[in-house]
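As structure tokens, the structure follows; a few thoughts come after it.
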Amino acid sequence: LNLKKMDPDMRRCFEYLKMTSRSFCAVIMALDEDLRYGVCIYYLVLRALDTVEDDMTIALDTKCALLETFYQKLNVVGWNFNNSKEKDRMVLDNFQIISSEFRKLSPAFQQIISGSCRDMGSGMAQFLKRKVIDSMTEWDEYCHYVAGLVGIGLSRLFVASGLEEPIVGSDERLANSMGLFLQKTNIIRDFQEDTVQDRLFWPREAWIKYGASQKSLLSPSNMHNSVACLNELVTNAIQHIPDVLTYLGRLKNQSVFNFCAIPQMMAIATLERCYNNPDVFRMNVKIRKGEAVLMIGNSTSIELVKEFMDKYCLSIARKVPENDRNASATRVALQAGLRNK
Ligand SMILES: O=C(O)CO[C@@H](C(=O)O)[C@@H](OCCCCCc1ccc2ccccc2c1)C(=O)NCCCCCc1ccc2ccccc2c1
Ligand SMILES: [Mg+2]
Ligand SMILES: [Mg+2]
């Protein structure tokens with residue numbers, strides 16, 4: 001990456017990427033040239049939008065209006081937002097740098113990124129007004145807005161760049177599943193830290209069978225039920241694996257494949273660590289660094305990815321408790337993931 005040749009504003013955008021994304025920075029930097037710039041700006045624009053969504057100090061009506069109109073700020077020269085208290089507020093404080101680089105992208109890239117931001121902002125506003133996520137269908141809907149749309153937008157960027165075939169961008173169900181698998185894994189893993197901050201992302205239709213409220217799953221006396229609820233949500237998430245493998249199998253460009261495969265590998269490894277694990281209710285369960293490094297080196301072909309996927313699905317299958325009420329559903333979901341050999 002030739003930081004010398006790059007204009008100073010774009011250099012600053014890569015700095016913001018490094019500082020606000022632990023898990024996506026390296027894989028974005030590894031993308032082929034023009035995709036790298038477009039995806040970096042795409043990330044920063046949506047991270048800025050998400051930082052507004054996450055900021056509990058912004059009044060509800062102010063926040064909803066800002067989320068719904070945020071995409072228009074991409075064309076307001078000099079606009080930024082410096083009232084955020086969030087950890088990633090630097091992308092809002094310096095939004096005018098990000099939007100100035102956005103306006104240098106190709107019209108095709110600009111249209112994809114702006115449309116994605118518009119749809120995500122309106123979906124986020126919709127869910128802010130609902131307060132809780134009720135049914136499993138609403139869980140899929142929320143994850144569609146905050147992550148499925150990213151999979152769809154990225155797929156369109158891959159096609160617009162000429163590096164991937166049209167079907168990658170037109171099959172929105174598979175692209176959506178790429179996002180849902182990642183976001184559901186995050187929501188499952190982040191349960192403890194989200195719940196103590198009163199951020200409720202676990203669907204009521206699931207936890208209502210195991211406790212009086214999402215918070216009640218934190219109480220040690222309820223641990224058997226809490227773990228059963230956790231296992232039910234992991235079972236729901238692994239149902240996206242066949243779509244993920246089909247999507248990855250269609251990719252032709254090596255840098256695009258690595259960019260798409262590595263986050264999915266991190267997700268299945270995280271789900272394997274979370275499954276049937278009471279630590280999820282005490283701390284943020286992380287995969288071991290060595291394991292992550294091993295996966296990154298071995299996620300370069302669909303055959304290797306399928307081998308890794310099988311390894312983790314078998315490891316989860318070995319942990320399924322006989323008396324878990326979802327045991328058979330979990331085994332069926334794991335079989336579907338394995339059958340995709
Ligand atoms: O605040 C935090 O630190 C975490 O926030 C989570 C939340 O608030 O729920 C939550 O915020 C979601 C709203 C903003 C989405 C920002 C994003 C993320 C990754 C990208 C990767 C490439 C390009 C653009 C991207 C945009 C979050 O970051 N969840 C992590 C999972 C999101 C996955 C997005 C995604 C979807 C499909 C993909 C397909 C291939 C490769 C990467 C993919 C990445
Ligand atoms: Mg966030
Ligand atoms: Mg958020």
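First listed ligand is number 1; within each ligand, the first listed atom is number 1. In what follows, residues are counted from 1 in the order of the sequence shown. Computed over heavy atoms, backbone and side chain alike; hydrogens, waters and symmetry mates excluded.
Nearest protein heavy-atom contact of atom 35 (C) of ligand 1 is Val150 CG1, 3.6 Å. Of the protein's non-hydrogen atoms, the one nearest atom 15 (C) of ligand 1 is Val146 O, 3.7 Å. When only non-hydrogen protein atoms are considered, atom 41 (C) of ligand 1 lies nearest to Phe259 CE2, 3.5 Å. For atom 31 (C) of ligand 1, the nearest protein heavy atom (residue, atom name, distance) is Gln183 OE1, 3.5 Å. Here the protein heavy atom with the shortest distance to atom 44 (C) of ligand 1 is Leu182 CD1, 3.7 Å. Atom 24 (C) of ligand 1 has its closest protein heavy atom at Tyr43 CA, 3.6 Å. Scanning all protein heavy atoms for the shortest distance to atom 14 (C) of ligand 1 gives Asp50 CB, 3.7 Å. Regarding atom 36 (C) of ligand 1, its nearest protein heavy-atom neighbour is Ala147 O, 3.5 Å.
Counting heavy-atom neighbours within 6.0 Å of Gln111 CD, excluding the residue itself, gives a total of 12 or less.
The Asn186 neighbourhood of ligand 1 comprises atoms 29 (N), 30 (C), with distances under 4.0 Å to a heavy atom of that residue. When each atom of ligand 1 is checked for a heavy atom of Gly151 under 4.0 Å away, the hits are 36 (C), 37 (C). Residue Arg22 approaches ligand 1 through these ligand atoms, each under 4.0 Å from one of its heavy atoms: 3 (O).
Contacts between Asp54 and ligand 1, counted as non-hydrogen atom pairs separated by less than 4.0 Å, involve the side chain only. Heavy atoms of Leu154 found under 4.0 angstrom from ligand 1 belong exclusively to the side chain.
In terms of polar-atom proximity, defined here as any N/O pair under 3.5 Å, Arg47 does make such a contact with ligand 1. Of the N or O atoms in Arg199, none lie within a sub-3.5 Å distance of an N or O in ligand 1. Checking only distances, Tyr42 never comes within under 3.5 Å of ligand 1, N or O to N or O.
In summary, the side chains of Glu272 and Ser315 do present a donor paired with an acceptor at a separation below 3.5 Å, with no hydrogens or angles considered. Side-chain contact of Gln126 with Arg130: a donor-acceptor pair under 3.5 Å is present, judged by distance alone. Side-chain contact of Glu232 with Asn236: a donor-acceptor pair under 3.5 Å is absent, judged by distance alone. In the model, Ser84 has a side-chain atom that pairs as donor or acceptor with a side-chain atom of Asp55 under 3.5 Å.
Checked options Thr51, Leu44, Thr20; the residue passing with Met90 is Thr20 (criterion: side-chain contact (heavy atoms from CB on, under 4.5 Å)).
Atom OE1 is the N/O/S atom of Glu53 found closest to the Mg ion (ligand 3). In Asp50, the N, O or S atom that comes nearest to the Mg ion (ligand 3) is OD1. The Mg ion (ligand 2) sits nearest to atom OD2 when only the N, O or S atoms of Asp54 are considered.
Note: Tyr142 and Phe201 meet the aromatic proximity criterion, with ring centroids under 6.0 Å apart.
A continuous path of Ile, Leu, Val, Met, Phe, Trp and Tyr side chains, each step under 4.5 Å between heavy atoms, connects Phe24 with Val305, placing both in one hydrophobic cluster.
Look at Lys104 and Glu101 and you find a salt bridge, because one of the NZ, NE, NH1 or NH2 atoms lies within 4.0 Å of a carboxylate O, short of that distance.
When the options Tyr247, Phe201, Phe24 are ranked by their closest heavy atom to atom 21 (C) of ligand 1, first place goes to Phe24.
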Show your working on side chain to side chain contact (heavy atoms under 4.5 Å, CB included) between Leu233 and Trp207 and close with a plain yes or no. CA-CA 9 Å; Leu233 293 185; Trp207 57 252; over 6 Å; no
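Under a 4.0 Å heavy-atom criterion, Lys87 is in contact with ligand 1.
The structure places CG of Leu154 at 8.0 Å from OG of Ser116, a figure rounded to the nearest 0.5 Å.
The two residues Val244 and Ser177 have their closest heavy-atom pair at CG2-O, 4.2 Å.
The aromatic rings of Phe70 and Trp79 stand perpendicular to each other, their planes meeting at an angle above 60°, with 30° marking the opposite boundary.
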